[in-house]
Number of protein chains: 4
Amino acid sequence: MSDSNPIRVLIWHEYRHEKVNPAVAAIYPDGMHNAIARYLATDASLVVETATLDEPGHGLSPERLANTDLLIWWGHMAHGEVADPVVDLVAGEVHRGMGAVFLHSAHFSKPFKKLMGTGCDLKWREADDREILWVTRPGHPLVDGIDDHIVLPAEEMYGEFFDIPEPEQTVMISSFSGGEVFRSLMTWTRGAGRVVYFRPGHETYPSYHHEGVLRVIRNACHWAALRGRVIQRFGRHDMGWVNGA
Amino acid sequence: MSDSNPIRVLIWHEYRHEKVNPAVAAIYPDGMHNAIARYLATDASLVVETATLDEPGHGLSPERLANTDLLIWWGHMAHGEVADPVVDLVAGEVHRGMGAVFLHSAHFSKPFKKLMGTGCDLKWREADDREILWVTRPGHPLVDGIDDHIVLPAEEMYGEFFDIPEPEQTVMISSFSGGEVFRSLMTWTRGAGRVVYFRPGHETYPSYHHEGVLRVIRNACHWAALRGRVIQRFGRHDMGWVNGA
Amino acid sequence: MSDSNPIRVLIWHEYRHEKVNPAVAAIYPDGMHNAIARYLATDASLVVETATLDEPGHGLSPERLANTDLLIWWGHMAHGEVADPVVDLVAGEVHRGMGAVFLHSAHFSKPFKKLMGTGCDLKWREADDREILWVTRPGHPLVDGIDDHIVLPAEEMYGEFFDIPEPEQTVMISSFSGGEVFRSLMTWTRGAGRVVYFRPGHETYPSYHHEGVLRVIRNACHWAALRGRVIQRFGRHDMGWVNGA
Amino acid sequence: MSDSNPIRVLIWHEYRHEKVNPAVAAIYPDGMHNAIARYLATDASLVVETATLDEPGHGLSPERLANTDLLIWWGHMAHGEVADPVVDLVAGEVHRGMGAVFLHSAHFSKPFKKLMGTGCDLKWREADDREILWVTRPGHPLVDGIDDHIVLPAEEMYGEFFDIPEPEQTVMISSFSGGEVFRSLMTWTRGAGRVVYFRPGHETYPSYHHEGVLRVIRNACHWAALRGRVIQRFGRHDMGWVNGA
């Protein structure tokens, strides 16, 4: 209810495809992260920064993460290059309350796999499938402003079985031209932190220029962020505490 | 673990379409319930009976339900004719442990709506859609013997939003030719009873002659049944009980 | 994100105990509903009204409910007097998005039972048990401002098994002097509406004067309310819709 | 439904306390694992083996785990000595369908933490608390043969917040003399594998000689085991597959 402080959003992007693939660079000249950041910056209640893999420490110092309310993550070709201590740092901040939104191929990122505890594998196909994302939780803040579906004319296909734990909330489910389905917007809780997965965003398609996709990401910033961190009390708890309380 | 007793299955069927629509009667000459019953009867661990709407008391006396481990329900055109006391009886037995499997248009049956607490509405279309049901919980007993999907060449379409409570387990999700998706095999718990919804089975298609569909129904008989009933202890609980225990 | 409009809270109270039991009237001279309303009125983002059983139509006209974002419900000795059409009205508004918070003995109210689909029974004892409510979801908005527990020096005991569907989120669990436990703050979704159950509040104890209890109720007004209603699209959905879209 | 094959249970035990603490050795002369194994061996549908930390490879070769349907895990003072490759092996087998039951202090074991994705911390106290475990899911196979509660006269206290993901099913909740509560019997799914956590079993108390505790462990062997493994189909999925199917 202390809604007066802005939400501190940090968009982390691998930022490699744009540098090596002209087709991707044509869609996102200064990177996907900046496409998303420009949209989010139009929301006065968000303060948006970016970080990328090739910055020192991947741009994710302990101090910077400690001052992040909501982390967005996109990675694909270089998951393995993310240093394990940074992965532990991210997971630890989520446990203390930082929200985290994992986009598209981040299903295979180290932090997402660590938070899920599963293999996170899936079926896939790059064949310009039409994707239709259907709302399965009308009224959920993640789909605020979205009608009952979103159509993306061409996207990479992701298909079930998606090896994730049963979501706490399944908010959108996609169909693809080839007949596959995929849970495409879901939530989990890990410690005090809320975790969101959102499917669209293969690098060769302009999904992060799509108003509906961007709106869901913006909604996720509001829904999954927690201002500050939660102190969790663990350890020895002596008998008689309640009388002394 | 008292697996030696057979599971007492009761298939309840509205049994009206077959009597008025020759196209349905051609597919199910003696009714859907008997098509399902014949398949289940090949499983020696099941004892299968049937009941229909037009029998006295809809064939569902208190004694008969009290001796049922697993109830299967199909209804469509005559939901409103099911007497409310019978609905209460069914819900009460579920609360005490009877398993219940609701098929296809039973999404709008009185017992299912009473157990869900939601409107249970959905989108639909009768246009020979191809339905593909995808497994989203490999290893779940409900999909024992099923590969990662089932294809039904033609079925009625059901589309999200399906107005049900977030399932405890979402085991299959369907796509349709028109691009819709639908959660098509799910579970909930109500009291001591397990509730399953399984989507296929529009009366004008031979889905209950399909090996995969029948296998899921058989699996559901095993998974959702509870032998006997559970005594739940409610009411006044005096201080000092633990010392006297 | 349209947080600028206030949340329209309606507190519904049976309001009978206070009229017949001087011990209750001594704690809540103008009724529990007004004790809660006075606290909530200190939150400028809430607009608070009350309604009671003995008003015409129980004070719950279709128009009034249609203009309610969040309904709080307390009932005990007169559950049976609540008219069924009003119960259907409440459940329908929840399905369309109205939040609902059920307090204490409202576990047995008609609207709660209808929304749950279970028997909603429990164990109980009136013996001045000390209740300790423990947070099991730190960081959840429902426990914003609450440390890791709340102690109530004397309350009615409620004990498991509480016959409710597995909650979507279990946020607090209570222990009692007699050794019983009870899930005491939980959430479910029904249609587009969020449902909260919160345990404390037996009429002979001053729990609705306790800062922690009141804070949770205030948190619930923020968390479970949905501004306006959600249009859910059901019914016939013709083939080819996506090309025309 | 292929219930004819016995369930292959492997009990993994750290087996250190018994060797250094005479009080523990007095309760479990040949180790906790053998106390549990002797009880389980009375169930003809189980084939029970044991493995311990100090055996080569901790007694957990890939071949042995591949032929295990259900793994039980107890560890405490030497969590850190479990080799990471063995942890990865255990988690991988769970993902493919092996059931896993984590007992008491195994809440902090490497495999449990890896499967949960959370910190798994809690409050604790060694002060001979009386523990009462209450059933919150009557009818669940995990509590088959258990009345509505179990009383353990003296146990270590574990208190909330227990930093685990929201369980798929919360089957028992404990209270302790000091007023704390703890979710004490829960389930999750990871890949095709079912994971169970069960709280009792501090090494200085005879909990694994208690009939009710042993019965829950036996129930868990039946409920969480999956005969064999599940083949999960991941990777590239070409357009047109459905026509060729």
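None of the values given here were measured: they were computed from a predicted structure. The figures that follow rest on heavy atoms only: side chains count, while hydrogens, waters and symmetry mates do not. Chain letters run A, B, ... following the sequence lines, proteins first and then strands; every chain starts at 1.
- Without hydrogens or angle criteria, B:W134 side chain to A:F182 main chain gives no donor-acceptor distance under 3.5 Å.
- Taking each heavy atom of B:E160 and A:V135 in turn, the nearest pair found is CB-O, 4.2 Å.
- Residue contact with chain B, scored on non-hydrogen atoms closer than 4.5 Å, involves the side chain of A:I132 exclusively.
- Taking all atoms of both residues into account, the shortest heavy-atom contact from B:S175 to A:V181 is CB-CG1, 3.4 Å.
- For B:E168, the part sitting under 4.5 Å from any heavy atom of chain A is the backbone (N, CA, C, O) and nothing else.
- Residue A:R183 comes nearest to B:T136 through the heavy atom pair NH2-O, 3.8 Å, listed as atom of the first residue, atom of the second, then distance.
- Shortest non-hydrogen contact noted between A:K123 and B:D148 is NZ-OD2, 2.9 Å.
- Between B:I173 and A:I173, the closest side-chain pair of non-hydrogen atoms falls below 4.5 Å.
- Closest approach of A:Q169 and B:E166 over heavy atoms only: CA-OE1, 3.6 Å.
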